[in-house]
Amino acid sequence: MSGINGQAAVSARGLAKSYGSTRALDGVDLDVQPGRVLGLLGPNGAGKTTTVRILTTLLKPDAGTAVVAGHDVVAEPDAVRRSIGLSGQYAAVDENLTGFENLYLVGRLYGKKKAAARTRARELLTRFQLEEAADRPSKGYSGGMRRRLDLAGALVAEPAVVILDEPTTGLDPRGRIEMWEVIKELVADGTTVLLTTQYLEEADHLADSIVVIDKGKVIARGTADELKSQIGGERLELVVSEPAELVAAADVLGQVGVGEPAVDEHTRRADVLVDTGPKALVEALRLLDARGVVVQDVALHRPTLDDVFLSLTGHATTQAEEVSR
Amino acid sequence: MNVTKMFSDAGVVTWRNVMNVRRNPEWLLGATAFPIMFVLMFAYVFGGAIGGPGADGGEYREFLIAGIFAQTVAFNSSYTVIGFASDLQKGIIDRFRALPMSRLAVILGRTTADQVLSVVVLVVMSICGLLIGWRIRGSVVDAVLGYLMILLFAFALSWVGAYIGLISRSVEVANSAGLIWMFPLTFISSAFVPQESLPGVLGSIADWNPFTAAVNATRDLFGNSSPAGWPEPSGWPAENAALYAVLSCVVIIAIFAPLATAQYRKVASK
């Protein structure tokens, strides 16, 4: 991580924001290098949206500084607004306007002349495969189409920095994959992207580097690989044939692995982190066989970002989401 | 942020708001059904009793129309309230706030677009008035000034509506908050009854109510008079109705434009 770098496209230091007695952000530092993608990862309520709102000038921080595309967000908000594109989790398209009208509106408000705003709107509609729907009110668009239109809106002025707040939240799997393709193309064009997500898979897939935040604080940072190797080893997972055998299975996993094994009765699945790889696998199978436990399936894989998150926060992302609702 | 960009932004936002209205023509039904019912109710239900003895009610109906026009456009300011509350809820305001555009333009674009609505509604209401026997008795110039008076008043109230919309926490709250103050504003006035008939404090409020002034000025410009035998309103606001109405509008805008702009700066949709 080249964290200390004057050239960063986005650079935040010590951002803090409280709502009443709740500390939404408690000293967040982050940097995004030009042309790179930073994934800001965390469960609901972690402070992702607050960070985005500060970086996009919608909210003033109580403390700390942020510089986006060379401009201070508090001192020069207009210069920041000219250099960024924001696409929010709520897909803020005007549903009574057509796709074309939405983009034309944004283009005009960025200060483009009428003809230039029209040309740019058509270009983007083509690029985001919205040509056919361009002249229909966006009310009738699918969720995925609305997101693409919203993202197109963020790109109207060809901003140096694009900020995507949970770009795929609420999309179906197909919509999500389409959105990923679009974001990848954007990055290939050299745009700097900061994206927030609660999906570990998404950060893994799209981001060059990841900042994990929880309860307003950065709890880890690095590339996906760095984060994975931070918890080390691999995960040994097995499925037994009878729920009653899970106790024995967990016991065995406890012996060969590091830390507490996790057990899911519903799927008759148990897993544990191991640091000796295949050796632990062989040992586990031998012990289970000796105790007469029938193993239906067994696998050894590298930890996912979910595992990273679990080991960093003590709770999984999905659980955190349920609790905060 | 220069002035040219501000007006250009306001023009673009006005266009956006007008397009929104055009795509939802149902609003016209809501915006005119209510005032038309008021016309019928006052003209034919209360008119006989209020309008005085002997008359067939024609004089009262002519008196009534300027009040109904003003009330109709006043109620239209609730569209400004709801428009802002719904833009806030949908994240449209956030999108605007993240753009390098004038803040004032977002509000000016809304209050201006709402006058397009007022014009359409006034056309419908004028036809309704003509059907029940209302006529413009003055000159064309005065009639135009009468309509402009009403539109200026509507524009001023629209700024109040913008402020209410921006402080409302939800569209539902905005819905009630936008309407509730309309009733005292429009009824404690000369819109439906002779203001001299209101007792004590209510009479003084009615005398100084800018709404009364706007109604009296418009009525005068249309050449419509009170039914025979009604007491003539007296006092400075009544004798200088047009001047007082215009001054009130200027003061309302001067107060609420900065308030609404400051609120716009503050709002966060969540």
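Note: hydrogens, waters and symmetry copies are ignored here, and every other heavy atom, side chains too, is used. On a predicted model such as this, the values are computed, not experimentally measured, just so you know.
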Find out whether A:R108 and B:W15 are in side-chain contact, i.e. whether some heavy atom of one side chain is under 4.5 Å from a heavy atom of the other.
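No, their side chains stay 4.5 Å or more apart.
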Between A:N96, A:V80, A:T57, A:T56, which has the largest tally of heavy atom pairs under 4.5 Å with chain B?
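Between A:N96, A:V80, A:T57, A:T56, the count favours A:N96.
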Using the side chain to side chain donor-acceptor pair (under 3.5 Å) definition, which of the options A:T169, A:T49, A:D165 pairs with A:T196?
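Running side chain to side chain donor-acceptor pair (under 3.5 Å) over A:T169, A:T49, A:D165 with A:T196 returns exactly one hit, A:D165.
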What verdict does the side chain to side chain contact (heavy atoms under 4.5 Å, CB included) test give for A:R147 and A:V182, after you've listed the backbone C-alpha separation in whole Å, the side-chain angles of each residue and the deciding distance to 0.1 Å?
CA-CA 11 Å; A:R147 287 301 171 92; A:V182 169; over 6 Å; no
What part of [X] is in contact with chain B, defined as an atom under 4.5 angstrom from a non-hydrogen atom: side chain, backbone, both or neither?
X: A:K139; value: side chain
X: A:T50; value: neither
X: A:E101; value: both
X: A:A79; value: neither

Chain A heavy atoms under 4.5 Å from B:R16: which part of the residue, side chain, backbone, both or neither?
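Contact with chain A involves both backbone and side-chain atoms of B:R16.
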Name the residue from B:F211, B:F69, B:F183 that meets the ring pair (Phe, Tyr, Trp, His ring centres under 6.0 Å) definition with B:F75.
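The passing option is B:F183.
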Side chain to side chain contact (heavy atoms under 4.5 Å, CB included) for A:V161 and A:L194? Distances and angles first, verdict last.
CA-CA 8 Å; A:V161 177; A:L194 186 152; 5.6 Å; no
